[in-house]
Amino acid sequence: MRVEIWSDIACPWCYIGKARFERGLAEFAGRDEVEVVHRSFELDPDRPKGETVPVVEILSEKYGRTEDEARGMEEQIAATARADGLPYDTAHRDHGNSFDIHRVLHLAKARGRQSALLDLVYRVNFADERSVYDDEVLIGVAVEAGLDETEVRAVVADRSAYADEVRADERDAAELGARGVPFFVFDQRYGVSGAQPVELFTQALERAWSAR
C-alpha cells in the first residue's frame, strides 16, 4: 500500500504532520507493507530565488497582524511542535523559495534517501540558526543525508534538473483539489488534510488497508 504526502518545507504543519503520521504508521499492524512517498507542493512559488525574509514578517503581511501578534502565532505553533517532541526555534526562522529544495528532494527519492533528507531539511528550517534556502547549507544537509556532493551540486546548479518531477507533483495536487498542505492520500483511495492526531492516521491506514 502506498501513502503519498504532499508538503512544503516552509510549512510548520507539514513538519508536525510528518511526525504524527510516522507515529500513526508505527501503530499500524501492516506498516512493513506501506510505501511512503513525499511529493512537492510550493507555498510561495513566485518568490524570487535568493530572496529570504523573516517568518514573522511573512505572517504579519499574510494575516494582517502586527509583528508582536505574528510572533505570538509562531510561539503557538512552536508549543504544538514541542508537545509532539519536535524542536522549534522561533527566533531565527526565515522564508524563501523552496523550488530548489524540492528538486534536491527528488534526487534523494531517486537515491532512496528522501525521508532522511526531508527530516534534516525540516530540522534546519525549524530548529537551527542556519537557512536551508542557502545553496551551501542545502548541499551540506543533502550530503549529511547520504547523497553524493558532486551530484547534489550539479542538481542545484541546473534548475531544470528534476523540475519536471516537481511540476508533476504540483499538477497532481491541483487535480486532487489540494489547496494546502500537508495533504495525505492513502492507497489512491482516501485523502486526509492537515496535521491530524496520531490515531486518525492509524485509522486511515486501517481503512485503506481493509478496502483493498
Between [Y] and [X], is there a side-chain heavy-atom distance shorter than 4.5 Å?
X: Arg93; Y: Val56; answer: no
X: Asn97; Y: Asp44; answer: no
X: Tyr63; Y: Glu69; answer: no
X: Val192; Y: Phe21; answer: no
X: Glu149; Y: Val152; answer: no

Between [X] and [Y], is there a shared hydrophobic cluster once you connect ILVMFWY residues whose side-chain heavy atoms come closer than 4.5 Å?
X: Val34; Y: Val185; result: no
X: Val36; Y: Val198; result: no
X: Leu118; Y: Val37; result: no
X: Leu43; Y: Ile101; result: no
X: Ile5; Y: Phe28; result: yes

query = How about Arg159: does its CZ atom have over 12 heavy atoms from other parts shown lying under 6.0 Å from it?
reply = yes
ask   = Would one find more than 12 heavy atoms of other residues, nucleotides or ligands at under 6.0 Å from atom CD of Glu61?
value = no
Keeping [X] on the side-chain end and [Y] on the backbone end, is there a donor-acceptor pair under 3.5 Å?
X: Gln196; Y: Ser193; result: yes
X: Arg47; Y: Gly96; result: no
X: Trp13; Y: Val181; result: no
X: Arg82; Y: Ala79; result: no
X: Arg111; Y: Leu147; result: no
X: Asp128; Y: Arg130; result: no
X: Asp187; Y: Arg189; result: no

How long is the gap from [atom1] on [X] to [atom2] on [Y], to the nearest 0.5 Å?
X: Glu136; Y: Ser131; atom1: CD; atom2: OG; result: 12.5 Å
X: Thr80; Y: Tyr88; atom1: OG1; atom2: OH; result: 9.5 Å
X: Arg153; Y: Asp148; atom1: CZ; atom2: CG; result: 11.0 Å
X: Arg31; Y: Trp209; atom1: CZ; atom2: CH2; result: 12.0 Å

Minimal non-hydrogen separation, [X] against [Y], with atom names:
X: Glu67; Y: Ser60; value: N-OG, 4.0 Å
X: Asp89; Y: Ala91; value: OD1-N, 3.0 Å
X: Ala208; Y: Met1; value: CB-SD, 3.6 Å
X: Ala195; Y: Pro182; value: N-CG, 3.9 Å
X: Phe99; Y: Ala163; value: CZ-CB, 3.6 Å
X: Val55; Y: Asp94; value: CG2-O, 3.5 Å

Between [X] and [Y] (salt bridge meaning N to carboxylate O under 4.0 Å), is one present in this structure?
X: Arg103; Y: Asp100; result: yes
X: Asp84; Y: Arg23; result: yes
X: Lys109; Y: Glu165; result: no
X: Asp119; Y: Lys18; result: yes
X: Asp135; Y: Lys49; result: yes
X: Arg71; Y: Glu74; result: no
X: Glu175; Y: Arg171; result: no

ask   = Would Arg20 count as a cation-pi partner of Phe201, with NZ or CZ less than 6.0 Å from the six-membered ring centre and within 45° of the ring normal?
value =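 Not satisfied by the 6.0 Å and 45° rule.
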Arg39 NZ/CZ over Phe41 ring centroid, <6.0 Å and within 45° of normal = no
Do [X] and [Y] have a side chain donor and acceptor closer than 3.5 Å?
X: Tyr15; Y: Arg123; result: no
X: Asp169; Y: His102; result: no
X: Thr66; Y: Asp68; result: no

query = Which is it for Glu151 and Leu107 under the side chain to side chain contact (heavy atoms under 4.5 Å, CB included) test, yes or no, and what are the steps along the way?
reply = CA-CA 9 Å; Glu151 189 171 31; Leu107 168 64; 3.7 Å; yes
ask   = Partners of Phe183 by ring pair (Phe, Tyr, Trp, His ring centres under 6.0 Å), sequence neighbours excluded?
value =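 Ring pair (Phe, Tyr, Trp, His ring centres under 6.0 Å) list for Phe183, sorted by chain: empty.
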request  = Please list, chain by chain and in numerical order, all residues satisfying side chain to side chain contact (heavy atoms under 4.5 Å, CB included) with Gln76, sequence neighbours excluded.
outcome  = none
ask   = After noting the C-alpha distance and the side-chain angles of Glu144 and Arg113, does the key distance pass the salt bridge (charged side-chain N to carboxylate O under 4.0 Å, His left out) rule?
value = CA-CA 10 Å; Glu144 187 179 347; Arg113 303 300 300 163; over 6 Å; no
key: Test side-chain contact (heavy atoms from CB on, under 4.5 Å) applied to Tyr133 and Leu138, Ile9, Val124, the passing residue   = Ile9
note = Per side-chain contact (heavy atoms from CB on, under 4.5 Å), Asp8 is matched among Ser40, Ser98, Pro45 by Ser98
ask   = When the ring planes of Phe184 and Phe186 are compared, do they come out parallel, tilted or perpendicular, using 30° and 60° as the limits?
value = parallel
inquiry  = side-chain hydrogen bond (donor to acceptor under 3.5 Å, both in side chains) for Thr90 and Glu75? Distances and angles first, verdict last.
reply    = CA-CA 7 Å; Thr90 60; Glu75 289 294 345; 2.9 Å; yes
task = May I have the step-by-step check of side chain to side chain contact (heavy atoms under 4.5 Å, CB included) for Val155 and Tyr162, ending in yes or no?
result = CA-CA 8 Å; Val155 168; Tyr162 294 99; 4.0 Å; yes
